[in-house]
Amino acid sequence: GDSNDNETESSGTGTDTVSISGSTSVGPLAEKLAEKYKEKQSNTNIEINQIGSSAGITNAISGVSQIGMSSRDLKEEEASELTETVIAYDGIVVVTHPSNKVKDLTMEEVKQIFTGEITNWNQLGGEDMEIVVVSREDGSGSRDAFQEIVGYSSGELIRNSIIASGNGNIKTTVATNKHAVGFISFEYIDDSIATLKINGVEATAENVLNQQYSLSRPFLFVHKDGNFTEAGQEFIDYILSPDGQKIVSEAGAIPVK
Amino acid sequence: MRKFKDNFMLGLLWFSAFLTVAVLVVIVGYIFFKGFRLINFDFIFGDYSPVGHGGIWPMIITTIYTIVISLIIATPIGILAAVYLQEYAKQGRLVRVIRFATESLTGIPSIIYGLFGAVFFVTTLKLGMSIIAASLTLTIIVLPVIIRTTEEALKTVPLSYREGSLALGTTKLQTLYKVILPSAMPGILSGIILSMGRIVGESAAIFLTAGTVAAMPESIFSSARTLTVHSYLVTQESGDIELAAAVGIVLIVIILVLNLSATFISKKLNKADY
Amino acid sequence: MPSPSNENQIVDMKKSNKLKYFFESASEKLFLICAMLSVISLLLIIGFVFYKGSHPFVAEGYSFIDFIFGMEWVPSEDKFGILPMIVASIFSTIGALVIGVPIGLFTAIFLAEIAPKRVAKIISPAVQLLAGIPSVLYGVFGLAIIVPMLQNNFGLAKGQSLLAVIIVLAIMMLPTIVTVAETAIRAVPKTYREGSLALGASPIGTIFKVVVPAAKSGIMAAIVLGLGRAIGETMAVILVAGNSLILPTSLTDSVRPLTTNIALEMGYAFGTHQEMLFATGIVLFSFILILNFVLAKISSKGGK
Amino acid sequence: MSATTLERNNKGTEKFSSNNEQQTTDAKIKVKNLDLFYGEKQALYQVSLDIKEKEVTALIGPSGCGKSTFLRTLNRMNDLIDGVKINGEIVIDNENIYNSSDVIKLRTRVGMVFQKPNLFPMSIFDNVAYGPRMQGIKNKKALNKIVEESLRGAAIWDEVKDRLKSSALGLSGGQQQRVCIARAIAMKPDVILMDEPTSALDPISTLKVEELIAQMKKDYTIVIVTHNMQQAARVSDKTAFFLNGEIIEYDETDHIFSMPKDQRTEDYVTGRFG
Amino acid sequence: MSATTLERNNKGTEKFSSNNEQQTTDAKIKVKNLDLFYGEKQALYQVSLDIKEKEVTALIGPSGCGKSTFLRTLNRMNDLIDGVKINGEIVIDNENIYNSSDVIKLRTRVGMVFQKPNLFPMSIFDNVAYGPRMQGIKNKKALNKIVEESLRGAAIWDEVKDRLKSSALGLSGGQQQRVCIARAIAMKPDVILMDEPTSALDPISTLKVEELIAQMKKDYTIVIVTHNMQQAARVSDKTAFFLNGEIIEYDETDHIFSMPKDQRTEDYVTGRFG
Ligand SMILES: Nc1ncnc2c1ncn2[C@@H]1O[C@H](COP(=O)(O)OP(=O)(O)OP(=O)(O)O)[C@@H](O)[C@H]1O
Ligand SMILES: Nc1ncnc2c1ncn2[C@@H]1O[C@H](COP(=O)(O)OP(=O)(O)OP(=O)(O)O)[C@@H](O)[C@H]1O
Ligand SMILES: [Mg+2]
Ligand SMILES: [Mg+2]
């Protein structure tokens, strides 16, 4: 640890590098934060690698990166080695093809759809067509959070569901298939898909903050204490500052406070 | 009857070629159609920004770095390995083992290479997430392609060339470098071109070893993002297909330029081409 | 006749071959090292994958049989069965071979033997270009064009399917197969063609009876390399496979081949789940080894 | 009858270009004012020559004079070379072979043995059975018979009868060439073109082949290129002397060797023994 | 002196294996009890033969009898073939070439011309300059001189002097073979092995080459394989007759052709004219 720190400092001549790696969901937000941060603090160089939550956590533990980004909760073994900071929350929204007439679901219906009890849109007042469920991969932070809140387990997920990796892929899949239903982060909402209300509540940041809308999860920064520099701490401080949180909300995520 | 069979086969040949070309046209056409709107000076030569579509200049540079470094390492090793297998080794166990190893390497999914590279080059050899770690991983990926294509090219060099040269009191090495390799050049070159394709097209193995830092790399020990990784992230996370396609256009142009220069170089090198 | 000075020059040269032999043997060793590098890499990778992948079975008491023949894959509930994925991998590989190899070979033959020079000069590099297009873009193309096409033409609820995987893989194999096979076919000596044509064989007969068999070794290389591309491919497949965890019973079922499973979940996996993904890698590996073995057998049989 | 032919051809060699000579009806092959260009380079100049059925015609002349080139026009093998242009006409069995489009039929009727053995990388049996098989003969017995007869005919049967199934490329040069002859014979053609067929053979095999030629003359029209004056003298009925792409003299073989009309012919045929 | 040699060899052909014969000190090449196997197949049986310096030795015999195989042992070209095993010894200049490890030196001293022309795909000039260049001669003028002399020596200078820089593969077979001879001459070797060097040449070129051989004899030891009895008779001092991998008879050429001791030799040499 020590020798590493020295190296960074001596070679830096005033420039510190903070290496961050992990979740592809947190990554874009972190990039935006880093860009703004750099305008303020030009002698800190922030490197962001979007390689998946687990890889990021592994890197934080092994010291390859100073900070890991995670969109899932730490497991026990991991938590014992790392310190975590929630930098933002991410809202999750259920999406369908824009042509779909179904615009509102109860949480129970969402569960029934994803567990295969409801298999046709006409059971929900829509057209007579098969439902194609699109989910994220097992282990993904969004999926963990989604399943936990909706209340079903991975084993219960309907077996012939399409598994897409990443918000973008769910979006593309749903946007090109009028049978489909899936879930994505708030940040990725656009015109190509329709967002659904849950229990009559619209998916917005306010509704998440006032706890009317329950589909959300934390975005985590994790680090190992022995491998954490001042510059890293300053960056996290910046994110949690009002300036930083403003950027969080501009990016479509939900501020911590 | 024979006429019919001939015509039928000829038809199949035409049909297959037509199909291949059609696929080519449709795919390239699709990519251009989807992406051309984003192509402008700032997009290509601008710095990256997480907001909007960003510039991709850092990724272009990173891509070129990975191609050049991987090929600089893999091409000589691959060619020399093929030379060993074809020109030196007694066709026995060792050769079978080596050949089997290279062939097995071709089928390993790139994600496994990526994981391996992340553990071996990034962590064990302490290269960190860096262009060099990715290039070394890519070297392993393209080695089999170069070895195999070079071997095939060497096989086509007539024995009489070897005899003619050796009988003049040249060493194997001289024969190799003056007669055999030049005659095998076109084949070797197609292997290199295929490898470039593989390098350029790789994503999983790269983002696990070079990372995805969207900034201009300071050196080959920096973490950085290649064009393909960029288009991968973009599809994966934001589903911005236009952007992915625009990056694709740039990639196609880069490959085109590289292929043309490779062909040009081989023409220069290959004395057989009078 | 020979001028004395030149002769002396040559005679001088003839004296000192020590250096040449040194280079000769040094270079041979260097070449051997280069050749061994691929073996070493393979061993390292195999070692790495096996080390990681065998852990659950060696140390944690999981049954390998259950792993191979299990139908359930729910990592968060500790269920690790990959039979559906094995089947999916086999089907998609065979499918891609059945479509990609003939089209690729025929295209190569066309370019090398039939096409006018000028046409071949344009098409060949263009096909090589296909090899350089990142697989993600093939995936995007598959997702945006092939998947909806299947959806619409077959009236499916979803186009993500075994068939989509096969089509995308076949397309991705094309450049490798075409390029390598074309080079091999072009290298067949002209005398073979002359010999055959002079016997009144038709050009087509000549191609299939003499030229192609003479290029057999290169064609096998093309198939092996193309196959490698197909088996090793992940990114494009993830996008069009659907990745459902069901045992495929028809071409229109969505499937999750072994590679996709690894790539899909590795980013979030940890602990046993991650090790099981490496174990998936071991199975994939065995699959590749068996395939290579079979291909080697076929090609050596064809040789006789 | 043969006198007419001769007269006509002696005139032909003096290259007057009036085309009003009568056609002799019994000529199997009639070549008239044939020019051949390899790209810009002219290789044959106004070659005219009538070849009678069931005779052996020898083509002699120094290296590079166009003997092979001329021979290959007779079964249109030059079609394979890019940039070959031909003027003039070649009529076989009253059909201009360059008008008729059925090259395949032409080549089944006009067999060829090349200067360098060019066996296919197949077994000896498959090499000889290749032509018949391509003509659709599938019957195992018939093929066996053809192969044996052809190999016997080419004086190679005894040497290879025990290894018919092993690769033809394992044979020595001379053995290979004789299998090539067997392969041509297997097609039972009308005309057989031979380009220095015995240049790779030892005298005993050569003798056998020469005897074979003498015997085949009963059934076939044979055109043979040779550098061996004695061979020409022994086997041929007519001899044409080529020089720099022109026919200098064409006559009964006896005449050519004993009393050539042209000084250059005399220089050449006697140079051998000078 | 030559009588001793002969005697020894006549005995050798009867394959007694006592090794206590005296060595004749003036023999350039001494071959003793040479066996050669291609894998399992034996191709040479107890071949013993002394070749005197500055003489021309012809090897004759029917196709497949092992002439080429034997010739290629003299500069160890058979080393290139997998699975070749050799017993016995070959001594050149009092050095056992199979003990000495300097194959390169051996081959610069023992040049070779092959049965089939095997020019490299380079310009004519580069082909001829190839050997000298590989020996380190870079001087442009010296190379020009060597190339011209060698081409003249091979009776091809006039035909190619205007196209030295164009590809050697554009030449006709005969022209190519003569360039091959030039290429060998360019190395100024001690011994020149020729495997049917004129089988692809026309008589005039053949004559020139034969004259050349006669002239080279002053400086070089020449071993030539030929199928042409007259050539053997014309150019050689000694002749060895091979049959089925054995030397049947080895003697002064005159003796071999006029009064062979062995019936088989007589059959063979007269068969030609029979
Ligand atoms: N493919 C080709 N392209 C260009 N020129 C050629 C080609 N083939 C032959 N030639 C030239 O045409 C002329 C005649 O060649 P050809 O092979 O017919 O001679 P040949 O009489 O058969 O000689 P040889 O006795 O050496 O075989 C030569 O000058 C040769 O260089
Ligand atoms: N590479 C090889 N592997 C196995 N057998 C071979 C090989 N080369 C030659 N032979 C065999 O060895 C024997 C001698 O062949 P070689 O080429 O020396 O004959 P040759 O006297 O030169 O004949 P030719 O006059 O036809 O050139 C033949 O039976 C041949 O089939
Ligand atoms: Mg010729
Ligand atoms: Mg020989």
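Atom set for the values below is all heavy atoms of this structure, side chains included, hydrogens, waters and symmetry mates excluded. Naming convention: chains lettered A, B, ... in sequence-line order (proteins, then strands); numbering from 1 in each chain.
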Next on the checklist: Less than 4.5 Å to any heavy atom of chain A: does that hold for the side chain of B:Ile241, its backbone, both, or neither?
Outcome noted: side chain
Item to check | Options A:Leu29, A:Thr58, A:Asn45, A:Asn167, ranked by heavy-atom pairs under 4.5 Å with chain B, top entry | outcome: A:Asn167
Next on the checklist: With a sphere of 6.0 Å drawn around CG of A:Asp191, does it hold more than 12 non-hydrogen atoms of other residues, nucleotides or ligands?
Outcome noted: no
Next on the checklist: More than 12 heavy atoms of other residues, nucleotides or ligands under 6.0 Å from CD of A:Glu230: yes or no?
Outcome noted: no
Checklist entry - CG/A:Asn49 to CG/B:Leu208 distance, rounded to the nearest 0.5 angstrom? => result 10.0 Å
Checklist outcome for this item: For A:Lys171 and B:Ser238, the nearest pair of non-hydrogen atoms, with its separation, is NZ-O, 2.8 Å
Checklist entry - Got more than 12 heavy atoms from elsewhere within 6.0 Å of CD, A:Glu250? => result yes
Checklist entry - For A:Ser165, is it the side chain, the backbone, both or neither that has a heavy atom under 4.5 Å from a heavy atom of chain B? => result both
Checklist entry - Using a cut-off of under 4.5 Å for heavy-atom pairs, which of A:Thr24, A:Ile20, A:Val64 has the most such pairs with chain B? => result A:Thr24
Next on the checklist: With a 4.5 Å cut-off on side-chain heavy atoms, are B:Thr235 and A:Thr172 touching?
Outcome noted: no
Item to check | Selection from A:Gln50, A:Lys32, A:Glu47 maximising heavy-atom pairs under 4.5 Å formed with chain B | outcome: A:Gln50
Checklist entry - Side chain, backbone, both or neither: which part of A:Ile51 has an atom under 4.5 Å from a heavy atom of chain B? => result both
Checklist entry - Between A:Glu31 and B:Tyr48, which heavy-atom pair has the shortest distance, and what is it? => result OE1-OH, 2.8 Å
Next on the checklist: Taking side chain as everything from C-beta outward and backbone as N, CA, C, O, which of these in B:Ala118 sits under 4.5 Å from a heavy atom of chain A? Side chain, backbone, both or neither.
Outcome noted: neither
Item to check | Under 4.5 Å from a heavy atom of chain B, the part of A:Ser25 involved | outcome: both
Item to check | Which portion of A:Glu35 sits near chain B, non-hydrogen atoms under 4.5 angstrom | outcome: side chain
Next on the checklist: Is it true that, when you exclude A:Lys75 itself, more than 12 heavy atoms of the residues, nucleotides or ligands shown sit nearer than 6.0 Å to its NZ?
Outcome noted: yes
